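What follows is a short report on a single structure.
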Amino acid sequence: MGLVDSFGATVLVERHLFALIDTDPDIGEPFSRLPQNASFVVHEGCVVVASALEDQMARVRVELWDSMPDAPGAEFLSMGEPASVDFDSEQIQLVNLMREPAGDEYQLADAGPYEPSPPRLPARKVPQASAW
């Protein structure tokens, strides 16, 4: 089990949204279904992400793993029922809400299916206010 490959790009996050899409021009509109806040939705050749960021540039990294980690929950966060997506053209790309590409297309080894899963972010220590 391990990381097979990764790629990244700087994506314009508009109205909290961006997507990872199959570059096949015949796929449906990626933003026809929208996720809830800080989650994602999978449908017909795309993964639409709702970010906490609104109208900002975000550095996004996509990682391809050959299987899920051995220790459940160690590296990935579960968000409801598992979903899978196929990328029939075997070419994917990050895009903004206007479907403008962010970075180069990425060539997959096969069409899938792939199971999107967000990484578990390290816990951040919140500074405590102290009274003097």
Side-chain angles (χ1 to χ4, degrees):
M1 195 278 321
L3 180 65
V4 174
D5 202 359
S6 68
F7 70 95
T10 301
V11 179
L12 174 59
V13 176
E14 297 175 287
R15 297 183 182 164
H16 300 277
L17 300 169
F18 66 94
L20 176 68
I21 66 167
D22 188 321
T23 60
D24 180 352
D26 293 332
I27 67 162
E29 172 56 41
F31 298 99
S32 64
R33 292 181 51 208
L34 301 177
Q36 300 297 319
N37 292 339
S39 65
F40 64 91
V41 66
V42 174
H43 67 100
E44 192 189 355
C46 65
V47 179
V48 179
V49 179
S51 170
L53 299 174
E54 180 180 10
D55 299 333
Q56 296 185 32
M57 300 300 288
R59 180 78 182 140
V60 177
R61 177 181 159 118
V62 176
E63 295 182 347
L64 302 167
W65 291 71
D66 56 9
S67 63
M68 290 299 285
D70 293 331
E75 287 121 18
F76 293 94
L77 180 64
S78 174
M79 295 181 77
E81 293 297 316
S84 64
V85 61
D86 289 304
F87 298 107
D88 293 335
S89 75
E90 298 180 7
Q91 297 266 335
I92 56 175
Q93 190 166 42
L94 290 162
V95 297
N96 65 18
L97 186 58
M98 301 303 293
R99 275 187 96 161
E100 297 168 330
D104 297 327
E105 291 182 2
Y106 179 86
Q107 178 68 46
L108 295 168
D110 59 57
Y114 294 91
E115 293 182 19
S117 183
R120 181 176 297 280
L121 300 175
R124 290 190 285 172
K125 186 174 181 181
V126 178
Q128 297 291 324
S130 60
W132 291 89

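Small disclaimer: the values here were computed from a predicted structure and weren't measured.
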When every non-hydrogen atom of A83 is compared with those of P116, the smallest separation belongs to O-CD, 3.3 Å
Sequence neighbours excluded, which residues qualify as side chain to side chain contact (heavy atoms under 4.5 Å, CB included) partners of P101?
Q93
Single-linkage hydrophobic cluster, 4.5 Å side-chain cutoff, V85 and F40 together:
yes
Tell me whether V62 is reachable from L108 by hopping between hydrophobic residues (I, L, V, M, F, W, Y) whose side-chain heavy atoms are closer than 4.5 Å.
yes
Rounding to 0.5 Å, atoms CG (L3) and CG (L64) come to a distance of 7.5 Å
State yes or no: do V42 and V60 share one hydrophobic cluster built from I, L, V, M, F, W and Y residues joined by side-chain heavy-atom distances below 4.5 Å, directly or via other members?
yes
R61: which residues meet the salt bridge (charged side-chain N to carboxylate O under 4.0 Å, His left out) condition with it, sequence neighbours left out?
E63
Contact summary for I27 and G45, nearest pair of heavy atoms
CD1-O, 4.0 Å
What distance separates E29 CD from E44 CD, expressed to the nearest 0.5 Å?
10.5 Å
Run the numbers on D104 and F7 for side chain to side chain contact (heavy atoms under 4.5 Å, CB included), then give the verdict.
CA-CA 9 Å; D104 297 327; F7 70 95; over 6 Å; no
If hydrophobic clusters are built from ILVMFWY residues whose side chains come within less than 4.5 Å, do I92 and V47 share one?
yes
Shortest non-hydrogen pair, F31 vs N96, comes out as CE1-O, 3.4 Å
Show the nearest heavy-atom pair for residues A9 and A102, with the distance to one decimal.
CB-O, 3.2 Å
Is the CG atom of D55 crowded by more than 12 outside heavy atoms at less than 6.0 Å?
yes
Which pair of heavy atoms, one from H43 and one from P30, lies closest together, and at what distance?
NE2-O, 2.8 Å
Should the ring pair F87 and Y114 be called parallel, tilted or perpendicular, given that the plane angle runs from 0 to 90° and is split at 30 and 60?
tilted
What donor-acceptor contacts under 3.5 angstrom involve side-chain atoms of residues 10-22, with partners at least two apart or in another chain?
{"residue": "H16", "atom": "ND1", "partner": "S51", "partner atom": "O", "Å": "3.0"}
{"residue": "H16", "atom": "ND1", "partner": "L53", "partner atom": "O", "Å": "3.1"}
{"residue": "D22", "atom": "OD1", "partner": "D24", "partner atom": "N", "Å": "2.9"}
{"residue": "D22", "atom": "OD1", "partner": "S89", "partner atom": "OG", "Å": "2.3"}
{"residue": "D22", "atom": "OD2", "partner": "D88", "partner atom": "N", "Å": "2.7"}
{"residue": "D22", "atom": "OD2", "partner": "S89", "partner atom": "N", "Å": "3.1"}

Could you grab the distance from atom CD of E100 to atom CG of L94, nearest 0.5 Å is fine?
13.5 Å
